[in-house]
Amino acid sequence: MMQLSHTWLLDENPETRFQAGAGQTYRMVRALLRNPLAVVGLVIIIGLLIVAAFAPVLAPYSPIESNLGARLLAPSADHWMGTDELGRDILSRIIHGARITLMIVLMVAVISAPIGLLVGTVAGYFGGWVDRVLMGLTDVFLSMPKLILALAFVAALGPGIENAVIAIAITAWPVYARIARAETLTFRNAEFISAIQMQGASHTRVIFRHIMPLCLSSTIVRVTLDMAGIILTAAGLGFLGLGAQPPLPEWGAMISSGRAFILDQWWVATMPGFAIVIVSLGFCLFGDGLRDVLDPRNRTR
Amino acid sequence: MKSLVLKNSSSDDVWQRRRQRSLRWLKSLGGFAATIAMTFLGLLAITFVIGRVVPIDPVLAVVGDRAPQDVYDAVRAEMGLDNPLIVQFVHYVGAVLSGDLGMAVTSQRPVAEELARVFPATLEMATLGILIGVLVGVPAGVLAAARQGSWVDQVIRVLGLAGYAIPAFWLGLVGLAFFYANLGWVGGPGRVDIFLEGLVPSVTGLLLVDSILSGDWAVFRSAWSHIILPAMILGFFSLAYIARMTRSFMLEQLSQEYVITARVKGAPERVVIWRHAFRPIRIQLVTVIGLSFAQLLEGSVMIETVFSWPGIGNYLTSALLNADMNSVLGATLVIGAVFIGVNKVSDLLYRILDPRAR
């Protein structure tokens with residue numbers, strides 16, 4: 001029977017592949033937990049996950065139903081963050097909005113990271129003209145202003161969450177392609193790659209089974225660091241009326257609807273902003289910590 | 001005279017090597033120019049593709065949906081939409097290069113003309129923003145590196161994080177509520193108080209400059225009170241970035257041996273920091289400031305929307321809401337081109353200024 005003990009995990013000579021992997025993860029987690037700011041980030045992210053998962057239980061009121069008798073109430077014991085122009089409880093809307101935010105960042109990551117990984121590893125592995133064409137394309141996208149590009153894409157595709165996700169993903173993948181290519185180049189000519197090739201593995205197999213897994217950690221770090229930017233862009237699109245549509249409680253769209261009351265009922269626009277800041281900060285702090293653990297070369301001083 | 005001295009003091013061999021080196025440099029500049037051309041072409045391709053993806057049929061927009069098929073076909077041919085895509089693209093690039101961005105649907109005026117009208121407002125705000133960013137950010141970054149762990153250092157750290165986590169449009173709204181509505185320290189939305197609008201003849205399009213040129217101080221004061229808050233918010237984001245980069249460049253220099261030598265020789269700390277350590281990072285800072293300026297132009301889109309600032313960002317967002325695609329693509333093209341241009345120029349400056357990159 002396997003025992004998940006401290007000594008087993010930190011064994012210098014692991015007996016199985018699983019033990020080595022588990023040990024490495026254990027060391028990483030311990031290093032991460034030694035960094036207080038990263039722990040703060042982690043707590044925020046876990047908080048976001050819990051809030052999103054249990055939104056209907058946690059929210060005291062309905063996020064959608066309006067109650068015109070309770071319009072624009074200031075924060076009080078009944079409504080901790082006040083109510084908006086349709087009498088909806090802002091706290092409840094923010095809690096339900098966590099689901100939308102989480103969905104957007106996950107969707108963007110799930111779409112853009114694999115595209116970037118594929119482009120980067122293929123370019124780095126084959127080299128030559130494949131590399132030049134793919135990286136030329138990547139660099140063109142990389143040198144575009146992201147927000148403007150996302151705006152133009154949403155303008156063409158039409159407003160809505162799905163299109164906002166697609167537009168952001170289109171602007172997000174080039175960074176991952178660059179990173180994956182750089183990683184691929186470092187071990188492209190390594191002996192273990194030649195050994196696999198001589199055993200008769202196809203290019204597809206080498207790329208997917210042996211190169212991509214090695215590029216994963218740096219890509220994950222970068223994705224985590226980019227999450228804050230993705231949240232801000234998505235909120236910006238929502239603010240401009242191009243992302244999530246009313247009555248969905250998307251944070252950016254909530255700020256936009258509170259804009260008309262900013263001078264007298266400040267809480268309508270201000271409260272969702274705090275949610276955005278806290279969540280973005282969480283991803284920033286956690287991403288920084290993750291980078292220090294996974295990639296000692298880029299250690300922040 | 002100078003070349004004579006050089007020739008006398010060096011052998012032919014050195015001469016040759018020098019020529020080879022400058023030739024290589026010219027070659028790399030040529031490659032650089034090719035990259036810039038490719039990037040601009042890429043930008044054009046993206047706006048072209050976006051223009052083709054639009055669900056709105058441009059022909060229907062002209063003829064209406066009850067037009068007979070032969071009218072529809074004629075207009076379609078007239079607009080060049082029956083040509084192969086690549087031919088359409090070549091036409092598009094030709095039109096853009098000759099300054100033709102199409103007509104704005106809402107105002108029925110050329111998009112290029114409208115963009116030229118609104119661009120100075122953006123330039124004015126972004127320039128003031130980057131000035132704030134550089135004038136506060138660079139000294140703060142140097143100070144943070146010189147006194148690592150001090151309160152300045154902590155503040156820079158927090159600001160750096162805040163720059164990543166705070167939505168610019170939200171900060172703009174909160175700032176407007178606090179400094180304009182609550183405290184009354186600054187002017188509200190717009191470029192100038194409404195009763196002072198149009199009093200100053202437009203020479204440069206930059207209201208602060210124009211009001212000085214015509215000596216109208218009332219307009220200048222009003223314009224200043226309107227621009228200062230949005231410019232400070234833009235400046236905040238750029239100073240967060242500039243200070244963080246300055247700090248890390250300085251830390252790298254301060255750990256070098258020549259700094260220790262200077263200190264051992266008894267040079268005062270002020271001299272060590274500003275004369276010795278700061279000098280070599282100026283070149284790196286050029287790139288950082290260029291990058292920051294480009295980002296600031298992009299960020300001004302959201303800020304302008306919040307402050308109803310009549311610049312290119314506001315133009316873009318109102319065109320988006322009106323589904324005026326010609327205007328949207330024109331504004332995207334101009335902002336994109338300036339963004340790319342600023343980035344590439346700072347890259348080029350780096351290559352010229354840094355003897356190692358040469």
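Please read all numbers here as calculations on a predicted model, not as lab measurements.
The pair Arg291(A)-Asp288(A) counts as a salt bridge, with a side-chain nitrogen and a carboxylate oxygen less than 4.0 angstrom apart.
Of the listed residues Thr233(A), Leu242(A), Leu281(A), the one with more heavy-atom pairs under 4.5 angstrom with chain B than any other is Leu281(A). No other option in Ala331(B), Pro167(B), Ala45(B) has as many heavy-atom pairs under 4.5 Å with chain A as Pro167(B). Between chain B and the options Asp139(A), Leu137(A), Leu142(A), Leu151(A), the largest number of non-hydrogen pairs under 4.5 Å is found for Leu151(A). Ranked by heavy-atom pairs shorter than 4.5 Å toward chain A, the options Leu41(B), Thr305(B), Ile335(B), Val328(B) are led by Thr305(B). Of all the listed residues (Asp264(A), Val140(A), Leu285(A), Ile148(A)), the one sharing the greatest number of non-hydrogen pairs under 4.5 Å with chain B is Ile148(A). Contacts with chain A were tallied for Lys344(B), Met38(B), Met302(B); Met302(B) has the most, counting heavy-atom pairs under 4.5 Å. Looking only at heavy-atom pairs under 4.5 Å with chain A, the residue among Thr332(B), Ile166(B), Leu173(B), Leu171(B) that has the most is Leu173(B). If you tally non-hydrogen atom pairs under 4.5 Å between each of Ile255(A), Ile231(A), Leu263(A), Leu149(A) and chain B, the highest count goes to Ile255(A). With chain B as the partner, the residue from Pro272(A), Ala152(A), Gly229(A) showing the most heavy-atom pairs under 4.5 Å is Ala152(A).
Both the backbone and the side chain of Val306(B) have a heavy atom closer than 4.5 Å to some heavy atom of chain A. Proximity to chain B (any heavy atom under 4.5 Å) is restricted, for Phe141(A), to the side chain, taken from C-beta onward. Neither the backbone nor the side chain of Leu225(A) has a heavy atom closer than 4.5 Å to any heavy atom of chain B. Contact of Phe169(B) with chain A is made through the side chain alone, with heavy-atom distances under 4.5 Å.
Side-chain contact, Ser112(A) with Tyr176(A): no donor N or O sits under 3.5 Å from an acceptor N or O.
Considering only heavy atoms from C-beta on, Met271(A) comes within 4.5 Å of Pro75(A) through its side chain. Glu114(B) has its side chain out of reach of Phe119(B): every pair of non-hydrogen atoms, C-beta onward, lies at least 4.5 Å apart. Under the 4.5 Å side-chain criterion, counting only non-hydrogen atoms from C-beta, Thr39(B) is not in contact with Leu43(B).
Proximity of the aromatic rings of Trp170(B) and Phe239(A) is defined here by a centroid distance below 6.0 angstrom, and this criterion is not met.
A donor-acceptor pair under 3.5 Å links the side-chain atoms of Thr122(B) to the main chain of Ile312(B), judged by distance alone. Under a 3.5 Å cut-off, the side chain of Asp324(B) and the backbone N or O of Ala104(B) do not form any donor-acceptor pair. Gln148(B) contributes no side-chain N or O that, together with a main-chain N or O of Ala144(B), makes up a donor-acceptor pair within less than 3.5 Å.
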